[in-house]
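Note sheet for the following structure.
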Amino acid sequence: MDVPATLKPVQKPTSDAQTHNGAELLIKTLADLGVDTIFGYPGGAVLPIYDALFNNHDLKHVLVRHEQAGVHAADGYSRSTGKPGVVLATSGPGATNTVTGIATAMMDSIPLVVLSGQVPTSVIGNDAFQEADIVGITRPITKQNYLVRDVNNLESVLREAFHIATHGRPGPVLVDMPKDMLNSRAKFKGTKDVDIPSFKPTIHGHQPQIAKAARMLSEAKRPLIYVGGGAILGEAWKEVTEFAERLNIPVTTTLMGLGAFPESKPQSVGMLGMHGTWYANMAMTECDVLLAVGARFDDRVTGRLNGFSQNSRKIHIDIDPSCIGKNVDVEVPIVGDVKRVIPAIDKLATPPQISEWWDTIHTWKKEHPLVVPKADDQIYPQHMIKMISEITEGNAIVVTDVGQHQMWAAQHYQYNHPRSWITSGGLGTMGFGFPAAMGAAMACPDRDVVCITGDGGFQMLTCELATAVEYKIPVKIAIMNNACLGMVRQWQQLFFDNRTSYSVFGSNNPDFVKMADAYGMIGMRATNPKEMREVLEKGMAIKDAPVLMDFSVVKEENCYPMVPSGAALFEMVESDEECKK
């Protein structure tokens, strides 16, 4: 009787200088593609890869404590550098643990390559130990995914995966690799060129549309430039800044576009949307020509669609044709790379005559500034963010979780540099901040990296404190501790008659300073503004180790301005009293 293939002893292949096993081929191809860091967690299906990594000096492997954190760390690495992040996970639960991180990257168009192990090909589909159809599971949340059954295809699939992840609208790609394929042998070809006939993103915009856009902007009386994350991903911040300055047109950015246009420039009106500035939302409402640059008109920006910028003619530049016209009809659609399209418009446009428009915007700014409350005996969240901005001189990479602290960090830290703001915008993933900050800190060792997080989101992946300590990742964790899920509590207070159902932690929060000490990390606490400054100055001065700073903030402070659910941008409110009305 034949012995089943899965029960036969593994025969170590004879040495062949001209070939490599699949695991070795994987590592060699990654190095050839310029990968220098992998975030991963080992398991049975990927043991051949970890064996190949054992004596490898070309790639740095970071052992995270949870696969979701590994994806978030690779995400932070990518957002801070523009290079694709790389993640390695084993089959089954290892692979499924990556799903939230992959969906986070997909929603924000972040280039990742996720490498997952799979059970041997002979038992795929048989409910084998630690088997999961990760290709099927991730199909809706990846740009592309692959199951590589033949080792001879592995190198070409990897090169194709990196090409797809980084070209056109970026996004995550998953490569699933059965264990027996990783043990099979093939030659390394080293072929650099990647040609995918079905994947040819449009780079250069349509010239007649570009001319039409230039004419509309030149003739506008109340123009507005609306900049999204595509300007960061497409590395078009220099082109956007020069264009806006030359034409002297006001600029608003989305949550994902912060840093694409320096907020210190006089043309900046700050962030728009659900928690955007009053004047940015009103500029969007009252403008007559709107230029959308690498933005997708998502619901957090538009508010109620039938009340969104009703009197404007709209120009939309995006490399992804599926984003144009998806949510908002536009008069001038331009499919192309923002970095190329903006200079093409700039060559044809002339500065519009908009002095009255600027007078209106300056009046709005004066009458409706962002409020930063202060007190001598308690820490207001807005003041905390302002102080972090002051102490870091606005030069840090700021990474957040999701919630009130995220919005306050977006509002009150002044972003003057691209790739200095990292947050989960589309999916809104709690637990994202700390591991993403680790990835950014490893990628950018010459910059301060501050993780501004809430006590709720931080607790989701506190296991990564061990990773930060082991690798001496000098991330500074600033916990905005209000003993509750702040944004949930705010909505319950305002819209559910203050029924704070399961959103308040009370005294059940851990002592974060003791937690830091348990992991061998420096931990500090502040309960008033004087202590806050002392803790921030001391913590930021430590450059060679991670630091945890716990700030006890005013518990029931709410985040304003705010556009209530179902309201239009011009129906935003600026206080609890306005919201009740």
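Positions are given from 1 along the sequence.
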Taking all non-hydrogen atoms of both residues, which atom of [X] and which atom of [Y] are closest, and how far apart?
X: L224; Y: P250; result: CD1-O, 3.5 Å
X: T81; Y: A443; result: CG2-CB, 3.4 Å
X: I334; Y: A213; result: CD1-CB, 4.1 Å
X: Q310; Y: N306; result: NE2-O, 2.5 Å
X: P369; Y: E367; result: CD-C, 3.4 Å
X: L569; Y: T302; result: CG-O, 3.8 Å

Item to check | side-chain contact (heavy atoms from CB on, under 4.5 Å) between L290 and M284, intermediate numbers included | outcome: CA-CA 8 Å; L290 175 63; M284 179 64 83; 3.5 Å; yes
Counting N and O atoms only, with roles assigned by atom type, does the side chain of [X] sit under 3.5 Å from a partner on the main chain of [Y], one being a donor and the other an acceptor?
X: K555; Y: G486; answer: no
X: D320; Y: S322; answer: yes
X: D455; Y: A483; answer: yes
X: W358; Y: Q267; answer: no
X: N281; Y: F570; answer: no
X: R246; Y: A349; answer: yes
X: Q209; Y: V332; answer: no
X: K221; Y: E356; answer: no
X: D108; Y: G425; answer: yes
X: N327; Y: R296; answer: yes

Between [Y] and [X], do the side chains contain a donor N or O and an acceptor N or O under 3.5 Å apart?
X: N395; Y: H417; answer: yes
X: T392; Y: Y413; answer: yes
X: T429; Y: T104; answer: yes
X: R169; Y: S109; answer: yes

Checklist entry - Aromatic rings H368 and W278: how do their planes relate, parallel, tilted or perpendicular, breaks at 30° and 60°? => result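 Judged by the thresholds at 30° and 60°, the geometry between H368 and W278 is parallel.
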Checklist entry - So H167 and H163, would you call those rings parallel, tilted or perpendicular, with 30° and 60° as cut-offs? => result parallel
Within a reach of under 6.0 Å around [atom1] of [X], are more than 12 heavy atoms found that belong to other residues, nucleotides or ligands?
X: Q353; atom1: CD; value: no
X: K200; atom1: NZ; value: yes
X: R304; atom1: CZ; value: yes
X: D193; atom1: CG; value: no
X: F199; atom1: CZ; value: yes

Checklist entry - Would you call D497-R499 a salt bridge at under 4.0 Å N-O? => result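 Salt bridge between D497 and R499, a charged N being under 4.0 Å from a carboxylate O: yes.
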Answer whether the closest heavy-atom distance between the side chains of [X] and [Y] falls below 4.5 Å.
X: M387; Y: I385; value: no
X: P84; Y: Y77; value: no
X: D448; Y: I397; value: no
X: K314; Y: M216; value: no
X: P529; Y: K374; value: no
X: C484; Y: S503; value: no
X: V573; Y: Y560; value: yes

Checklist entry - Does the side chain to side chain donor-acceptor pair (under 3.5 Å) test come out yes or no for D576 and N558, once each step is laid out? => result CA-CA 8 Å; D576 291 352; N558 287 335; 3.0 Å; yes
Checklist entry - Who pairs with H362 by side-chain hydrogen bond (donor to acceptor under 3.5 Å, both in side chains), at least two apart in sequence or on another chain? => result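 In terms of side-chain hydrogen bond (donor to acceptor under 3.5 Å, both in side chains), with neighbours along the sequence ignored, H362 is linked to no residue.
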Next on the checklist: Given E245, which partner from the list T241, I249, L247, N248 fulfils the side-chain contact (heavy atoms from CB on, under 4.5 Å) test?
Outcome noted: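 Exactly one candidate clears the test, T241.
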Next on the checklist: Using the side-chain contact (heavy atoms from CB on, under 4.5 Å) definition, which of the options V399, L461, V475 pairs with F434?
Outcome noted: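 That would be V475; it is the only one of V399, L461, V475 passing the side-chain contact (heavy atoms from CB on, under 4.5 Å) with F434.
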Next on the checklist: Does E393 form a side-chain contact (heavy atoms from CB on, under 4.5 Å) with N416? I'd like the steps, not just the answer.
Outcome noted: CA-CA 10 Å; E393 298 181 342; N416 291 321; over 6 Å; no
Item to check | Steps toward side-chain contact (heavy atoms from CB on, under 4.5 Å) verdict (V240, K238) | outcome: CA-CA 6 Å; V240 169; K238 179 175 179 289; over 6 Å; no
Next on the checklist: Using the ring pair (Phe, Tyr, Trp, His ring centres under 6.0 Å) criterion, which residues pair with F551? Sequence neighbours excluded.
Outcome noted: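 For F551 there are no ring pair (Phe, Tyr, Trp, His ring centres under 6.0 Å) partners, ignoring immediate neighbours.
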Checklist entry - If you round to the nearest 0.5 Å, how far is CG of L485 from CD of Q490? => result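 Nearest 0.5 Å value for the CD-CG distance: 13.0 Å.
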Next on the checklist: Within this structure, what is the CD1-CD distance for the pair I345 and E239, rounded to the nearest 0.5 Å?
Outcome noted: 12.5 Å
Checklist entry - Which is it for I354 and R222 under the side-chain contact (heavy atoms from CB on, under 4.5 Å) test, yes or no, and what are the steps along the way? => result CA-CA 6 Å; I354 56 171; R222 300 185 307 278; over 6 Å; no
Checklist entry - So, F297 versus Y226, ring centres under 6.0 angstrom or not? => result yes
